Amino acid sequence: MTIRNLMKKTLETLISKALTTLQANGILDNTLNPTIHVERTRDSSHGDFATNIALVLAKSAKTNPRQLAQQLIEAMPANDIVSKIELAGAGFINFFIDANAQYQIISTIHQQGNQFGLSQIGSGKKVQVEFVSANPTGPLHVGHGRGAAYGSAVANLLVATGFDVHKEYYVNDAGRQMDILATSVWLRYLEACGETLVFPCNAYRGAYVRDLAQNLVSNQGKNFVHLHDIVFANLPLDETDGGDKEIYIDSLIARAKQLLGAEGYRTVFDVGLTAILEDIKEDLAEFGVTYHQWFSERSLMDDGSIENALAVLRENNHLYEKDGAIWFKSSELGDEKDRVVIRDNGHYTYFASDIAYHWNKLERGFDVLIDIWGADHHGYIARVKAALTALGADENKLHVLLVQFATLWRGEEKVQMSTRSGDFVTLRELRSEVGRDAARFFYVMRRSEQHMDFDLELATSKSNENPVFYVQYAHARVCSVFRQLPEKGYIHNVELGMANLPELSAEHESVLLTTLARYPEVIERAATQYEPHLLINYLRELATDFHTYYNAHQFLVESATLRNARLNLISSVQQVLVNGLILLGISAPEAM
RNA sequence: GCGCUUGUAGCUCAACUGGAUAGAGCACCAGCCUUCUAAGCUGGGGGUCGCAGGUUCGAGUCCUGCCAAGCGUACCA
């Protein structure tokens, strides 16, 4: 148990005892069983912790809050860690923690080391976190990067708070988009083999498609070449010629399947799929993002999962047929309208496999499902929740977290991004420009649902204005101090420092002690709220407190007792910075 | 039209989920900065929390109605 929990628990016990006393005296109703809420104060003149219990209970106790607070204070037993209890404001009870108790945080951090801040509030609950899950139709772009940084930070936080976390990437290796990719590769392959053709406007136009086609040439030679006139015979018009681009690309897909045969088509398809998937895996790994499982959508088709899931829906009377398609009655379960699960051409929709996928997740026994999606998919939430309900599950098990896209800036200038013509900024490009640490930091710096501006210039600048730099530099600065120790002929005597912690009486020092003690609370909150930006904010605060302390005081002073006490304090800062940065996937350099 | 999200200082964003005087960083202003543990330091001004109602001891936070922006509103994924 952390020192913070000890303190908070102690205070809660005191309040609880006071309440019992008042109940015994008939001042409060015996049936009352309020949840006691103790929180940190914002203003140090209000002490260290405060409770609003008197304000909450005043009405039912038919008394005014200040009077009730006063009675509670009088009924409160004495305790070592509390130096003073005050009635304040409208009826707050403020607790002042004894100075000696404040110092304990330093020995706690030294004892617990990289375990400091971890907790068991998750109590082993099984949580599945599914994130990124971008279609393997091309490289990851900067939008996916934010989902990756956010998802992996959330997962790390959940692990740190005692959840049993399973990270997963859903691979859309089936479906129409992948067919379009396969067809795009094949057409580029035909070009590479000397055919001249007009590339469909709805096909994937990125340069990487040519590379994939080149692979196909090297592996397969001219096995898949068909004459232009045969390939394009009797096709509807493309959009540029006044036709429909969707119909056109679909007929080209059909043509590819027909000319290549099932086996040949699968070969072309898999060349694209495996290469792109490998690229995505490598990209994410270099970004510090790893998974327990890459879950194949195709496997859901192959093993009958989709059929099974739909069978359950059919049994429960949630499906019907209309216009040659099979519909799911999601409108009865909170969705705007019903949704097609089997198209009139007999193919499953993406939604059908997603129903099966979520069914599969539930079958695997997860207590909580977290889906992290781009905000543009928000309209999808209602139907997936409807599906869970229809499958007989509790829709509240599913938490969909939305990530807004980031706008890239280079100083004052907005970086243009367009997904048309494949001219987007990839995650790889971003990483090579600003580096992994800055990318991860900036991505998670804002609340995920907040649109964010990502300033590439700021992210790479070596100045205090760059928050990544500022936090990492605080860590490096501590390291630098410890490097200078031997140069000055000192050694770090931890025991001597611990014995003299009360010498840390400067204002900057007590501020740091409080900030350090807050770390476990921040982790807990960031984890349970899925808000890693709270951790970033905290680390920036800790860094600020440290830098101002550094500017105000010498650490390597003559006095051995004060010197070692200060060294213990700053090595605690170092430890907490490391612990926090690790959770965010950001390095803590020893020198900068 | 309907739905989701967002709206807080000139700019980018916080605010312990209903608490006390709404906070940071840029930018701006004023001092300091021959020495120090390189990436300056210290202080200051700046707010109708989109608007209007409501709920209660108490609202940036909750409810209602407007206004604005982004996204969505496929038998695409």
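Order of the sequence lines sets the chain letters (A, B, ...), proteins ahead of strands, with each chain counted from 1. Just so it is clear, the values below take in all heavy atoms, side chains as well, and ignore hydrogens, waters and symmetry mates. Only a predicted model underlies this, so the values are computations on that prediction, with no experimental measurement involved.
Ion pairing between A/R176 and A/E246 holds under the 4.0 Å rule for side-chain N and carboxylate O. Using a cutoff of 4.0 Å between basic side-chain nitrogens and carboxylate oxygens, A/E130 and A/K361 are scored as salt-bridged. Between A/R483 and A/E590, none of the side-chain N atoms (NZ, or NE/NH1/NH2) sits under 4.0 Å from a carboxylate O, so this pair counts as no salt bridge. Looking at A/R40 and A/E521, a side-chain N of the basic residue comes within less than 4.0 Å of a carboxylate O on the acidic one, giving a salt bridge.
Taking atom C1' on both nucleotides, B/G18 is separated from B/U55 by 12 Å, rounded to a whole Å. B/G70 and B/G10 have their P atoms separated by 22 Å, with the value rounded to a whole Å. Here the separation of B/A59 from B/U17, taken at their C1' atoms, is 12 Å to the nearest Å. Using atom P as the reference point in both B/U6 and B/G43, the two lie 35 Å apart (nearest Å).
Mapping A/S448 and A/I342 onto RNA chain B via the closest heavy atom, the residue that lands nearer the 5' end is A/S448.
Shown here, B/U17 is classed syn by the O4'-C1'-N9-C4 or O4'-C1'-N1-C2 angle, which is within 90° of 0.
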Report all interatomic pairs (protein N or O, nucleotide N or O of nucleotides 4-8 of chain B) with separations under 3.5 Å.
{"from": "B/U5", "atom 1": "O3'", "to": "A/E449", "atom 2": "OE1", "distance (Å)": "3.0"}
{"from": "B/U6", "atom 1": "OP1", "to": "A/R447", "atom 2": "NH2", "distance (Å)": "3.3"}

Please list, pair by pair, any protein nitrogen or oxygen found under 3.5 Å from a nitrogen or oxygen in nucleotides 19-21 of chain B.
{"from": "B/G19", "atom 1": "N7", "to": "A/N52", "atom 2": "ND2", "distance (Å)": "2.9"}
{"from": "B/A20", "atom 1": "OP2", "to": "A/R42", "atom 2": "NH1", "distance (Å)": "3.4"}
{"from": "B/A20", "atom 1": "N6", "to": "A/N94", "atom 2": "OD1", "distance (Å)": "2.7"}
{"from": "B/A20", "atom 1": "N1", "to": "A/N94", "atom 2": "OD1", "distance (Å)": "3.1"}
{"from": "B/A20", "atom 1": "N1", "to": "A/N94", "atom 2": "ND2", "distance (Å)": "3.1"}

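Taking the six-membered ring for Trp and thresholds of 30 and 60 degrees, A/Y357 and A/F295 have ring planes inclined between 30 and 60 degrees apart.
A/N466 contributes a side-chain N or O that, together with a main-chain N or O of A/A459, makes up a donor-acceptor pair within less than 3.5 Å. One N or O on the side chain of A/W327 and one on the backbone of A/K322 form a donor-acceptor pair closer than 3.5 Å.
Among the heavy atoms of the strands, none lies under 4.0 Å from A/E541. A/Y380 comes within contact range of at least one nucleobase, with a heavy-atom separation under 4.0 Å. Among the heavy atoms of the strands lying under 4.0 Å from A/N135 are primed sugar atoms or P, OP1, OP2 only; no base atom is included.
Residue A/R525 contributes atom CZ, which lies 13 Å from atom P of B/A14 at whole-angstrom precision. In this structure, CD of A/E558 is placed 18 Å from P of B/C36, rounded to the nearest angstrom. Look at CE on A/M445: it is 14 Å from P on B/A15, rounded to the nearest Å.
In this structure, A/Y538 has its ring center closer than 6.0 angstrom to the ring center of A/Y519. Outside the 6.0 Å centre-distance limit, the rings of A/F96 and A/F49 are not counted as a close aromatic pair. Ring centers of A/F131 and A/Y169: at least 6.0 Å apart, outside the cut-off. Aromatic ring centroids of A/Y320 and A/F328 lie 6.0 Å or more apart. Taking the six-membered ring for Trp and the full ring otherwise, A/Y470 and A/H547 have centroids separated by under 6.0 Å.
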Please report, to 0.1 Å, the donor-acceptor pairs under 3.5 Å made by any side chain of residues 379-388 of chain A, with sequence neighbours excluded.
{"from": "A/K385", "atom 1": "NZ", "to": "A/L398", "atom 2": "O", "distance (Å)": "3.3"}

Quick tally for nucleotides 37-45 of chain B: nucleotides whose base has a protein heavy atom under 4.0 Å get B, sugar-phosphate-only ones S, the rest -, giving BBBSSS---

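For A/H533, a side-chain nitrogen or oxygen approaches OP1 or OP2 of B/A15 to under 4.0 Å. Look at A/K59 and you won't find any side-chain N or O under 4.0 angstrom from OP1 or OP2 of B/U56.
In secondary-structure terms, RNA chain B builds stems of at least 3 consecutive Watson-Crick or G-U pairs, each pair having both distances under 3.5 Å, at B:1-7 with B:67-73, B:10-13 with B:23-26, B:28-32 with B:40-44, B:50-54 with B:62-66.
The listed nucleotides are B/C13, B/A15, B/C75; the one nearest the side chain of A/M452 is B/C13.
For residues 442-452 of chain A, the side chain to side chain donor-acceptor pair (under 3.5 Å) pairs, not counting sequence neighbours, are A/Q404-A/H451.
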